[in-house]
2 protein chains.
Amino acid sequence: MTCSADYAPELRSRGYRMTPQRLAILHVLHHSGKHLTPAQVYQKASRELDGLTEPTVYRTLEFLAENGLARPAHMGNGHLAYEIARHKHHHLKCRNCGNEMEVQHSLLEKLYRQLESASGYQLTDSHVTFFGLCPDCQRGE
Amino acid sequence: MTCSADYAPELRSRGYRMTPQRLAILHVLHHSGKHLTPAQVYQKASRELDGLTEPTVYRTLEFLAENGLARPAHMGNGHLAYEIARHKHHHLKCRNCGNEMEVQHSLLEKLYRQLESASGYQLTDSHVTFFGLCPDCQRGE
DNA sequence: CGTGTTATTGCAAAAAGTTGCAATAAGGAG
DNA sequence: CTCCTTATTGCAACTTTTTGCAATAACACG
Ligand SMILES: [Mn+2]
Ligand SMILES: [Mn+2]
Ligand SMILES: [Zn+2]
Ligand SMILES: [Zn+2]
């Protein structure tokens, strides 16, 4: 069950609490590995923790994202999907077929530095989704 | 009334139609200049066109975006806002205070080419929102 | 271990966004 | 100008997401 790292101390040190709900959701994100919509998280986590509710899932996902334990990703339709926070990366997604590939953060490092020095902003998020047409869809469409 | 360029032929050539609803919404986007949420578009466009409904606003905004007349922007909370399509640009938004600044597309041009040649994808969207902390919020937080 | 503080949850209701479908009307053809 | 095809809209129902609030339960402390 400690398969998911021990996030509890992390949270407690900031004045937050670890709860069965948060544990279950972290567990689901941790094991899935990929981006999950709130509905998918709710479905899976409900099996682990009976009585879990949708509002809690939405609030928890937002909470985990704010605290760096989960990462929200824009799906392109105006909705978010979440994944457990791991290494920095970005995505390239096909507008046509939805196919998706990962983009190394190193490719954006230079740009990030440029933006920071040019704007004075400190860039916090490292999980951008770029949209385009995949090789396949460029031909047949 | 022709203040908004004549989009009609553009649409008709693709088999679509120009309607009072689309006109009103284009008009609103054109004159506002900034990003508007669907609710804001509905509110403003309703005044110009009586009887306009929310489903039509949602559908029309999506339609305009698909046809390149409007651009959707991620607001960070998973919701979209729209603006009339003009020059390519991106945004840098403060996670804390919401303050936003524009980013020239030229800054991303190199990255875009890199991504395209590395992935084979053809990048279509040029309206990314980056998130961070503005200079003010870096100090007083 | 109890006890107290208060972060967190579930519930119910509201708000926002989506969908199916029949009625409407844009606009090409004659 | 009238007719016809069918893209588009409004309506109503539905699903998803958000919010307020009272009840619950983490967990720090003694
Ligand atoms: Mn990701
Ligand atoms: Mn913009
Ligand atoms: Zn594709
Ligand atoms: Zn700020």
Side-chain angles (χ1 to χ4, degrees), chain A residues 1 6-28 35-67 69-70 72-82, chain B residues 1 6-28 35-67 69-70 72-82:
Chain A
M1 205 54 69
D6 203 353
Y7 296 116
E10 173 73 19
L11 291 183
R12 279 195 274 264
S13 73
R14 300 189 207 179
Y16 299 119
R17 299 171 184 176
M18 180 51 80
T19 66
Q21 291 82 356
R22 286 175 182 172
L23 227 305
I25 290 171
L26 279 167
H27 194 255
V28 163
H35 297 171
L36 295 178
T37 65
Q40 292 171 320
V41 171
Y42 172 67
Q43 189 194 6
K44 289 174 186 289
S46 291
R47 286 201 284 268
E48 298 193 15
L49 183 71
D50 199 53
L52 182 67
T53 64
E54 272 143 323
T56 295
V57 170
Y58 282 101
R59 284 190 282 222
T60 299
L61 288 172
E62 198 178 333
F63 168 85
L64 294 176
E66 275 171 356
N67 287 280
L69 305 190
H74 293 293
M75 305 301 291
N77 48 31
H79 291 184
L80 295 178
Y82 294 81
Chain B
M1 206 55 68
D6 203 351
Y7 295 116
E10 173 72 20
L11 291 182
R12 280 187 212 121
S13 73
R14 300 189 208 180
Y16 299 120
R17 298 171 184 176
M18 181 50 81
T19 67
Q21 292 83 353
R22 286 174 181 172
L23 228 307
I25 290 172
L26 280 167
H27 193 255
V28 163
H35 297 170
L36 296 178
T37 64
Q40 292 172 319
V41 171
Y42 172 67
Q43 189 194 7
K44 290 174 186 290
S46 291
R47 285 201 284 269
E48 299 193 13
L49 183 71
D50 200 53
L52 181 67
T53 64
E54 272 143 324
T56 296
V57 170
Y58 283 102
R59 284 189 282 223
T60 299
L61 288 172
E62 198 178 333
F63 168 85
L64 295 176
E66 275 170 357
N67 287 279
L69 305 189
H74 294 293
M75 304 302 291
N77 48 31
H79 293 184
L80 295 178
Y82 294 81

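We name chains A, B, ... by the order of the sequence lines, and we start the count at 1 in each one.
- Of the candidate nucleotides D:dA7, C:dG17, C:dC21, C:dG17 has the atom nearest to the side chain of B:Y58.
- Counting heavy atoms from C-beta on, the side chains of B:E62 and B:E66 come closer than 4.5 Å.
- Between B:L69 and B:L11 the shortest side-chain heavy-atom distance falls below 4.5 Å.
- Here C:dA7 presents its P atom at 20 Å from CG of A:L23, a figure rounded to the nearest Å.
- Under 4.0 angstrom from either OP1 or OP2 of D:dT9 there lies at least one side-chain N or O belonging to B:T19.
- Residue A:R59 places a side-chain atom within donor-acceptor reach of the base of C:dG10, judged by atom type and a 3.5 Å distance cut-off alone.
- Toward the 5' end of DNA chain C, the nearer of the two residues B:E62 and A:Y16, judged by each one's closest nucleotide, is A:Y16.
- The side chain of A:P20 sits closest to D:dA26 out of D:dT8, D:dA26, D:dC11.
- At whole-Å resolution of the value, CE in B:M18 and P in C:dG28 are 13 Å apart.
- Note on B:R14 versus B:E10: salt bridge recorded, some NZ/NE/NH1/NH2 to OD/OE distance being below 4.0 Å.
- Checking the phosphate oxygens (OP1, OP2) of C:dA25, no side-chain nitrogen or oxygen of B:Q21 falls inside 4.0 Å.
- Close to C:dT9, at under 4.0 Å from its OP1 or OP2, lies no side-chain N or O of A:T56.
- B:F63 carries B:R22 over the face of its six-membered ring, with the cationic atom under 6.0 Å from the centre and within 45° of the normal.
- Mapping B:R22 and A:A39 onto DNA chain D by nearest heavy atom places B:R22 closer to the 5' end of the strand.
- Taking 4.0 angstrom as the limit, A:R12 places a side-chain polar atom (N or O) nearer than this to OP1 or OP2 of D:dC27.
- At whole-Å resolution of the value, CG in B:L61 and C1' in D:dT9 are 15 Å apart.
- Going from atom CD of A:E54 over to atom P of D:dG20 covers 19 Å, rounded to whole Å.
- Residue contacts for B:P38: at a heavy-atom cut-off of 4.0 Å it reaches no nucleic acid atom on any strand shown.
- Rounded to whole Å, the distance from CE on A:M75 to C1' on D:dT16 is 15 Å.
- Atom-to-atom, CG of B:L11 to P of C:dG27 comes out at 9 Å; the value is rounded to the nearest Å.
- Per the geometry, CZ belonging to B:R17 stands 9 Å off P belonging to C:dG28, to the nearest Å.
- Phosphate contact (OP1/OP2 of C:dG17, side-chain N/O of A:H79, threshold under 4.0 Å): absent.
- Between the P atom of C:dC11 and the CG atom of A:L52 lies a distance of 11 Å, rounded to the nearest Å.
- No side-chain heavy atom of A:M75 sits less than 4.5 Å from a side-chain heavy atom of A:L80.
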